[in-house]
Amino acid sequence: MKRYNPKEIEPKWQQKWSEDKTYEASDDPSGKPKKYILEFFPYPSGAAMHVGHVRNYTIGDAMSRHARMMGYDVLHPMGWDAFGLPAENYAIKTGISPKQAIAENTGRFKQQLTQMGFGYDWSREFASSDPEYYRWTQWFFLLLHKRGLAYQKESLQWWCPVDKTVLANEQVENGKCWRCGSEVEKKSLKQWFFKITEYAERLEKDLDDVDWSDSIKAMQRNWIGRSKGAEVVFAMDGSDEKITVFTTRADTLFGATFLVLAPEHPLLKTITAPEHRAQVENYLQKTRNKSDIERQETNREKTGVFTGAYAINPVNGEKLPIWTSDYVLVGYGTGAIMAVPAHDERDWAFAQAFKLPVVPVIEPETGTPQENPETRLSIVAIVRNPRTNEYLSINWGKLGGNLFIGGGREANEDIVETAKREIAEETGYRNLKLVAQTDRIHHHYFAHSKNVARYIEAYGLLFDLEDETRDEQRLEPDEQGKFTVEWLPASAAEAVITDELHTTCYRLLVKGECYHGEGIMMHSGSYDGLRSSEAREKIVADLEAKHLGKERVNYKMRDWLISRQRYWGAPIPMIHCAKDGVVPVPEDQLPVLLPDMQSYEPSGDGRSPLARVPEFVNTTCPICGGPAERETDTMDGFACSSWYPMRFADPRNNDRPFDAVKVQRWLPVDYYIGGAEHAVMHLLYIRMWTKVMQDEGLVDFGEPFTGLRNQGMILAPDGRKMSKSWGNVIAPDDLIEQGYGADAIRVMELFIGPWNQSANWSVEGMGGSFRFLQRVWALSQDYLTKNEPANPADDIAIKQVMHRTIKKVSTDMEAMGFNTAIAAVMEAVNELYRLKVTVPFGAAPEAWRWAIESLLLLLAPFVPHITEELWMQLGHTDSIHLAKWPVYEEQYLTSDRMTIVIQINGKVRSQIEVSSSATEEEVTAQAKEDKKAVVYLTNQTPKKTIYVPGKLVNFVL
RNA sequence: GCGCGGGUGGUGGAAUUGGUAGACACGAGGGACUUAAAAUCCCUUGCCUAAACAGCGUGCGGGUUCGAUUCCCGCCCCGCGCACCA
């Protein structure tokens, strides 16, 4: 009997598959449906792949193999995301050219992928740094430029004063240069941008139509940051200037008590009053020196200065002082806000810091409005003992838990007196000092105990207990003995009291929070009494009629800065001519080739190293033919990866980026598989490019990936990320070398847990995966070598086991339940081991052959080598990976007996075996006689009997 | 703070629409084979218990239900992402 030796069989089949082109996809339509399965294309860095990276490809490979067996034409390509900073820095560090480093690293990666047995169509391989590829990346730049989506703008850029170089955002870690650790500064440079903001709406909306995980969709929505609001125009007091602000809460306009402009706001120069100029200048100077990181720290003390200027509130003519502060960002909205300290926490903090007035205009509304409610007037009194910092609470137990003191109030009754009366009646305390009081609060709820909807108009009051003097409680008869009076520490009061009205009072009075929710309008002229959401729309409409405002949607997302002052990227195909300005390189002159250089270090003058190559820089203007200079910036690596899935459909096209028919055959990608780390970069950029292609008529779809699947990360056994510095990296190469083989690694990658959940790599688990494959191997070898003739035996059990397993694995594969699919096969193997004792191979050779072949077919997507080897040993000549997925037969799934669980009052007490055809009456009758059940039934007649066909009988006593 | 995931034995995890909680695997314990070890094969393994067909068990507290890991309400904890976005 041959021993299972992966070292022997795995390389053999890898070579054979390559020779036979087993996994190459044909562009000729076959009439079969297609599946395009793609894993994020890897960055061939200096470090080799570890078992964490491998999981991603294992998932994609299992899915493609399964799809192929299910009768799909499958495209499963692989290539290299080769341009970008890490490769360049690796080259700078090692002294070898990026081109050479990439060649070496891709070779290594390819070897690693191959030894794992992944079935890629290598005939379509390319790297984004191939001139034949980046020629078309440049072509797309020109397309975006033609469509007005690529533009140049002067903007602030990170600058390291020690390395004398510009840094990309990713290279700035906590405000410091990642290479030398010195504090970075900002420098204004002319940059290229892609106008991704123009696509904000479509990028947001089309997320509805793709099959992506909720978390990635949420991250993208968050990043796009759509927010619907209004622009409001404020006239200046004593000047013709106007200030436009953006707000999502136009309903709070009457509560605006000042305006704030971002320090970079252009109007600041003109509106600042002469006597405030020095102060404002000083503040702007200080702000400029702050890093963005510093500016973005939350909970920072609010800073700012008054400009001396005033604006007029368009709704009530109030004079509002205009301030400037760095908590207002120039890049969002209009860079100016109206501050409503009563209903916005940031404005509240600012108003507190600078003693600015607070005008509440929204009365809080809590709970859900009900139909036809009973109206009640009431108070909520919070009593604090300032000596112990405890809060007086009434514990209603089962009737409603803990509350503060609440009570009804007559329409003409004084609020404070009502509260004091209630406190005295219910708790006996009487020496109280009023500390604070809320505005009216509107509360809706449904009183289940009385089956009635309630609407409560309440006031919250906070009292300090002056002394412990306490009288007798004076309780209504129906309150007697229903509650106890307790003193709760602040933390307990917050945790225990859950009634929405009471917690709202606590937040407003004790925690001093400002109310930023919806509610009922007050102090707002003719809008008083309206619900804030309605008032918001009305106020905007009224402003619009007077041309003082309009509805407006804002996005947080900014345009995509794509120029890099770096060497290793696709050169931006533009030419600067003194006479004709910025001129695109004519298409027939593409690619603009990256010249070979001796040193790739950034120059230090804010220009790319390419600026040091005169042969590259000096050219002629395509329009006037006069001397001109090339753009020396290169494109962000994310530009290169923004169209590669399309290129895989037609990777060798020299006339166009791709052929429309070929792209139509394969795209969009059905499953795009990778980690969640690219949620808002790559996955947003490529969606934008796809929409540009759609608008240009290059493709007939707007979303590149119909399905996106984010695999969970594999961590080291110690629970940390695998990294060289921790010394906890586990490389597949070592495991293969140790003899486990690629197949066992693949089992481990999938069996360790759900594919989309992260997991710690387990050294012991690796042994288990290998053992399992060994059992499959041994079973097959047993069949092949010990198949002596024997008396025929009943093979029904074998068939039942396998048909059940085929069904389970088939449904699991559709749902990507790889771990449970593998578990089901393990279970089948365990059962077959038991069955071979009672039904020897020779007694049912046909059934056994079918069972073992089915087993191999079910395992083929996971473990391609061992299944191929055994498949061939069983006498096949065509690859198992081109075979058909097995089909189960319904008749073997049912048995003539079934197990019925007997429950008494919902508790499992026994189980019985009955005939599958037994009726409810028969099952119930038999259950009542079961000797364990009888003990519980004790001659009682069940009040109720619940029968779930084929599952259980429940007797309710 | 906001958004998105999670919380089940010693461990990783399993459980269609509410219907036998803990599949499968790791680890542990025992046995067989062996001179012995490794490998392999078989058995046991949620907790409590001398043992059980008793009791307790899916983060915590309530609720709905004949029956809740699953549905509803409130809370706690962990991970990830975003974060002065008006």
Side-chain angles (χ1 to χ4, degrees), chain A residues 3 213-219 221-223 225 227 229 245-249 252 260 295-300 302 325-329 331-340 344-347 349-350 398 401 448 494-496 498-500 516 554-557 676-677 679-680 712-713 747-748 751-754 756-769 771-772 774-775 778 811 815 817 819-827 830 833-834 899-911 931-932 935-936 942-946 948 950-957:
Chain A
R3 266 186 68 84
S213 74
D214 286 343
S215 69
I216 298 284
K217 285 192 188 186
M219 278 189 223
R221 288 217 168 87
N222 204 328
W223 188 265
S227 108
V245 306
F246 175 73
T247 178
T248 54
R249 292 297 300 268
T252 62
V260 188
R295 265 186 78 166
Q296 278 164 15
E297 264 169 35
T298 38
N299 304 325
R300 231 181 72 228
K302 291 279 184 288
S325 169
D326 63 6
Y327 85 93
V328 175
L329 308 173
Y332 183 76
T334 61
I337 62 152
M338 62 177 210
V340 184
D344 181 281
E345 280 155 49
R346 298 150 300 182
D347 299 344
F350 193 83
K398 282 262 175 193
H448 287 275
E494 253 177 279
V496 154
T498 56
D499 178 89
E500 221 182 329
H516 57 255
N554 247 314
Y555 297 92
K556 283 191 215 170
M557 188 170 60
E677 67 275 8
V680 287
M713 212 187 327
V747 168
M748 183 62 189
F751 186 66
I752 195 166
N756 55 354
Q757 225 168 279
S758 67
N760 296 3
W761 187 260
S762 155
V763 179
E764 295 80 16
M766 197 59 236
S769 300
R771 260 196 301 280
F772 163 61
Q774 207 164 31
R775 277 165 71 78
T811 48
N819 56 332
T820 49
I822 292 170
V825 179
M826 286 175 170
E827 221 174 325
N830 291 345
Y833 261 73
R834 281 189 282 272
T899 305
I900 298 289
V901 166
I902 304 175
Q903 294 186 342
I904 313 288
N905 287 337
K907 289 207 173 222
V908 177
R909 293 304 182 186
S910 181
Q911 45 185 314
K931 65 178 195 298
K932 284 182 208 163
V935 178
Y936 291 93
K943 206 158 62 182
K944 198 170 165 192
T945 304
I946 290 125
V948 182
K951 290 236 167 88
L952 58 82
V953 182
N954 186 11
F955 295 116
V956 185
L957 300 180

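By convention in this document, chain letters (A, B, ...) are assigned in the order of the sequence lines, proteins followed by strands, and residues within each chain are numbered from 1.
Distance, A:M713 CE to B:rC80 P: 9 Å, rounded to whole Å. Atom CG in A:N905 sits about 12 Å away from atom P in B:rG55, given to the nearest Å. The distance from atom CD1 of A:I904 to atom P of B:rC66 is 16 Å, rounded to the nearest whole Å. Residue A:K944 contributes atom NZ, which lies 10 Å from atom P of B:rU65 at whole-angstrom precision. For the pair A:W223 CH2 and B:rG3 C1', the interatomic distance rounds to 15 Å; values are reported in whole Å. A:D347 places its CG atom 16 Å from the C1' atom of B:rG1, with the value rounded to the nearest Å. Distance A:R771 CZ to B:rA39 P: 8 Å, rounded to the nearest Å. Distance, A:D214 CG to B:rC4 P: 8 Å, rounded to whole Å.
Residue A:N954 is in base contact, counting any heavy-atom pair closer than 4.0 Å across all strands shown. Residue contacts for A:G333: at a heavy-atom cut-off of 4.0 Å it reaches no nucleic acid atom on any strand shown. Within 4.0 Å (heavy atoms only), A:R909 reaches sugar-phosphate atoms of the nucleic acid but no base atom. A:A218 comes within contact range of the sugar-phosphate backbone alone, with a heavy-atom separation under 4.0 Å but no base atom that close. Using a 4.0 Å heavy-atom cutoff across all strands shown, A:V956 reaches sugar-phosphate atoms only and no base atom. Across all strands shown, A:S227 has heavy atoms under 4.0 Å from sugar-phosphate atoms exclusively, and none from any base. Here A:E345 lies out of heavy-atom contact (under 4.0 Å) with every strand. Using a 4.0 Å heavy-atom cutoff across all strands shown, A:I752 reaches sugar-phosphate atoms only and no base atom. Within the nucleic acid shown, A:S762 has no heavy atom closer than 4.0 Å to any nucleic acid atom. Within the 4.0 angstrom heavy-atom criterion, no nucleotide atom of any strand lies near A:N554.
Listed pair A:Q903 / B:rG19 fails the phosphate criterion, with no side-chain N or O lying under 4.0 Å from OP1 or OP2. Using a 4.0 Å cut-off, no side-chain N or O of A:K907 falls inside it from OP1 or OP2 of B:rC53. Residue A:Y327 places no side-chain N or O under 4.0 Å from the OP1 or OP2 atom of B:rA86. Contact annotation: A:R775 side-chain N/O to B:rU40 OP1/OP2 distance is not under 4.0 Å. Of the side-chain N and O atoms in A:N819, one or more sit less than 4.0 angstrom from OP1 or OP2 of B:rA14.
For the residue pair A:N760 and A:I752, the shortest heavy atom distance occurs at O-CD1, 3.2 Å.
Each of A:T820 and A:E827 was assigned the nucleotide of RNA chain B with the nearest heavy atom; the assignment lying further toward the 5' end belongs to A:T820. Comparing A:N830 and A:K302 against RNA chain B, the residue whose closest nucleotide sits nearer the 5' end is A:N830.
Atom P of B:rG30 sits at a distance of 22 Å from the matching atom of B:rA23, rounded to the whole Å. Across B:rG7 and B:rG12, the matching P atoms stand 11 Å from one another, rounded to whole Å. If you take atom C1' in B:rG9 and the same atom in B:rG59, they sit 15 Å apart, rounded to whole Å. For B:rC76 and B:rA25, the C1' atoms lie 32 Å apart once the distance is rounded to whole Å.
Among A:I337, A:D326, A:V245, the one residue that satisfies the side-chain contact (heavy atoms from CB on, under 4.5 Å) test with A:V260 is A:I337. The only option from A:I946, A:I904, A:T945 that meets the side-chain contact (heavy atoms from CB on, under 4.5 Å) definition with A:V956 turns out to be A:I946.
Out of B:rA23, B:rA86, B:rG27, the shortest distance to the side chain of A:D344 is found at B:rA86. Side-chain proximity of A:P754 to the nucleotides B:rC26, B:rG13, B:rC42 is greatest for B:rG13. Closest to the side chain of A:L952, out of B:rG19, B:rC26, B:rA86, is B:rG19. Nearest nucleotide to the side chain of A:V908, out of B:rA86, B:rU20, B:rA25: B:rU20.
Aromatic ring orientation, A:Y332 versus A:F246: perpendicular (interplanar angle above 60°, classes split at 30° and 60°).
Of all nucleotides present, only B:rU45 satisfies the Watson-Crick or G-U wobble test against B:rG27, with each distance under 3.5 Å. For B:rA32, the paired nucleotide is B:rU40, the pair qualifying as Watson-Crick or G-U wobble because both relevant distances are below 3.5 Å. When both pairing distances are held under 3.5 Å, B:rC71 makes a Watson-Crick or G-U pair with B:rG63. Shown here, B:rA86 forms no base pair; nothing in the strands shown gives a Watson-Crick or G-U wobble contact with both key distances under 3.5 Å.
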So A:M557 and A:W223, side-chain contact (heavy atoms from CB on, under 4.5 Å) or not? Walk me through it.
-> CA-CA 6 Å; A:M557 188 170 60; A:W223 188 265; 4.3 Å; yes

A:K944 and A:N954: side-chain contact (heavy atoms from CB on, under 4.5 Å), yes or no, with the steps?
-> CA-CA 8 Å; A:K944 198 170 165 192; A:N954 186 11; over 6 Å; no

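Counting only distance, with no hydrogens or angles, the side chain of A:D347 and the backbone of A:V340 share a donor-acceptor pair below 3.5 Å.
For B:rG9, the base is syn relative to its sugar; the glycosidic angle is within 90° of 0.
Contact of A:K217 with B:rC4 (side chain to base): no donor-acceptor pair of N or O atoms is detected under 3.5 Å.
Residues A:M826 and A:F751 have side chains in contact (heavy-atom distance under 4.5 Å, counting atoms from C-beta outward).
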